[in-house]
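Comments concern the structure below.
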Protein chains: 2
Amino acid sequence: MNTNQRFAISIHALTLLAANSAPLTSEMIAGSVDTNPVVIRRTMAGLRQRGLVKSKSGAHGGWKLMRDPKQILLCDVYLSLGEDTVLAIHAHPNKYCPVGGNIKGTLQEIFSVTQNAMMDSLRQVTIADVLADVRAKGKK
Amino acid sequence: MNTNQRFAISIHALTLLAANSAPLTSEMIAGSVDTNPVVIRRTMAGLRQRGLVKSKSGAHGGWKLMRDPKQILLCDVYLSLGEDTVLAIHAHPNKYCPVGGNIKGTLQEIFSVTQNAMMDSLRQVTIADVLADVRAKGKK
DNA sequence: TACATTTGTAACTATAATTGTTACGAATAT
DNA sequence: ATATTCGTAACAATTATAGTTACAAATGTA
């Protein structure tokens, strides 16, 4: 199984921030996600670089959203992680084989289209949508 | 980076088989992929289970396609690997938090839609398409 | 100013997924 | 019979990711 949980953690953290106007500390977020505060800081660093959140050191510091949750698309969140494409290509297919010598380019093109399809899907959902759905589930 | 190359290896192997009517041994395929024959056998086992290829032990044995390459969709190939969804969810969000207690279900739904978008994209490409593209690149 | 709080980040360990390797039995063609 | 080839278990090696510790820097408040 894939152990990369950074995307899920990012969405979780942003949803918490969307639900709270006061800043949340890494420790509070880590408590809800069930991980170490450093893992949260590490993950949030990418979100900050992309302008989705800001952080403040010191007493009463923590994390805040920089945008209306309606304006945060999940594809923005994904991109902030700086991940490669989800489908990986083997490193050294045999150059002297007619198939091996050309398959990397072919796979790159196909996997890029697939990645775009994934991104288009993530473009349809905002952090506001996530929060609304979480709240709806909470009422049931 | 994601190190799971099984999907790329499977496509590579099937493309080799599509280009050759005689059976190919795990060793030959491994030579083109640049890996160990056991890795090939392991990967091909899933493809066989799904009825995409057959294998034969012994002298002049090896692997053959069970279908016209035009009828092998990349989504079939992907499914034969038995992978989880490409987007993973963190294991134990805090149940007693209004967000943490409900986010898993929300993420499952979103990630499932995204996975389907990916599959729809992979449904548009066949092994015959891959072989044609590889050959076209070889002529340039 | 002193102190408590909180982030930023480096350094390291732990865990888990994946690949790579060795070994050997079973199947099969000649 | 013999050589070939797959099937698979067992294990080692590599890599990605998460988790942890430690401490400097920033910041609010008494």
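Convention: sequence-line order gives letters A, B, ...; per-chain numbering from 1. Everything numeric in this text was worked out from a predicted model, so none of it was measured.
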Presence of salt bridge, Asp76(B) and Arg123(B), under 4.0 angstrom: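 Not counted as a salt bridge, because no side-chain N and carboxylate O are separated by less than 4.0 Å.
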Presence of salt bridge, Lys137(B) and Glu109(A), under 4.0 angstrom: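 Here Glu109(A) pairs with Lys137(B) in a salt bridge, since their nearest N and O are under 4.0 Å apart.
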Short side-chain N/O contact to dA18(D) OP1/OP2 from Arg6(A), under 4.0 Å: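 Arg6(A) to dA18(D) OP1/OP2: side-chain N or O found under 4.0 Å.
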Side-chain N or O of Asn4(A) closer than 4.0 Å to phosphate OP1/OP2 of dT17(D):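 The answer is yes; a side-chain N or O of Asn4(A) sits under 4.0 Å from OP1 or OP2.
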5' precedence on DNA chain D between Ser57(B) and Met1(B) (nearest-nucleotide basis):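 Mapping each residue to its closest nucleotide by heavy atoms, the 5'-most match is Ser57(B).
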First encountered from the 5' end of DNA chain D, between Thr3(B) and Gly62(B):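 Whichever sits nearer the 5' end wins; that is Gly62(B).
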Residue that, paired with Thr114(B), satisfies side chain to side chain contact (heavy atoms under 4.5 Å, CB included) out of Val125(A), Val86(A), Leu122(A):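 It is Leu122(A); the other options fail the test.
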Sole residue of Ile127(B), Val77(B), Leu65(B) in side chain to side chain contact (heavy atoms under 4.5 Å, CB included) with Leu52(B):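 Testing each of Ile127(B), Val77(B), Leu65(B) against Leu52(B), the sole residue satisfying side chain to side chain contact (heavy atoms under 4.5 Å, CB included) is Val77(B).
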Starting from [atom2] on [N], measure out to [atom1] on [X] and report it in whole angstrom.
X	N	atom1	atom2	value
Asn2(B)	dA16(C)	CG	C1'	14 Å
Arg41(A)	dA18(D)	CZ	P	17 Å
His90(A)	dT18(C)	NE2	C1'	15 Å
Leu87(A)	dT18(C)	CG	P	13 Å
Ile40(A)	dA18(D)	CD1	P	10 Å
Ile89(B)	dA18(D)	CD1	P	14 Å

Distance-only donor-acceptor check, side chains [X] and [Y], under 3.5 Å:
X	Y	answer
Asn2(B)	Glu83(A)	no
Ser32(B)	Asn94(A)	no
Thr35(A)	His90(B)	no
Thr25(A)	Trp63(A)	no

Sequence-distant partners of Lys70(A), side-chain hydrogen bond (donor to acceptor under 3.5 Å, both in side chains), two or more places apart: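 side-chain hydrogen bond (donor to acceptor under 3.5 Å, both in side chains) check on Lys70(A) returns nothing, list empty.
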Nearest to the side chain of [X] - [options]?
X	options	result
Gln5(A)	dT6(C), dA9(D), dA18(D)	dA18(D)
Val38(A)	dT8(D), dT7(C), dT21(D)	dT21(D)
Ala59(A)	dA18(D), dC6(D), dT27(D)	dT27(D)
Val39(B)	dT8(D), dG20(C), dA17(C)	dG20(C)
His60(A)	dT9(C), dT27(D), dG28(D)	dG28(D)
Lys56(B)	dG19(D), dT28(C), dT6(C)	dT28(C)

Sugar-phosphate only, base, or nothing, as touched by Gly58(B) at under 4.0 Å among non-hydrogen atoms: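 Base contact.
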Mutual orientation of the aromatic rings belonging to Phe111(A) and Phe7(B) [parallel < 30°, tilted 30-60°, perpendicular > 60°]: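 Plane angle under 30°, so parallel.
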Which atoms of nucleotides 11-14 of chain D (N or O only) lie under 3.5 Å from a protein N or O atom, and what are those distances?
none

Nucleic acid contacts - residues 9-37 of chain B versus DNA chain C, non-hydrogen atoms under 4.0 Å: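 Of all residues in residues 9-37 of chain B, the ones placing a heavy atom under 4.0 Å from DNA chain C are Thr35(B), Asn36(B).
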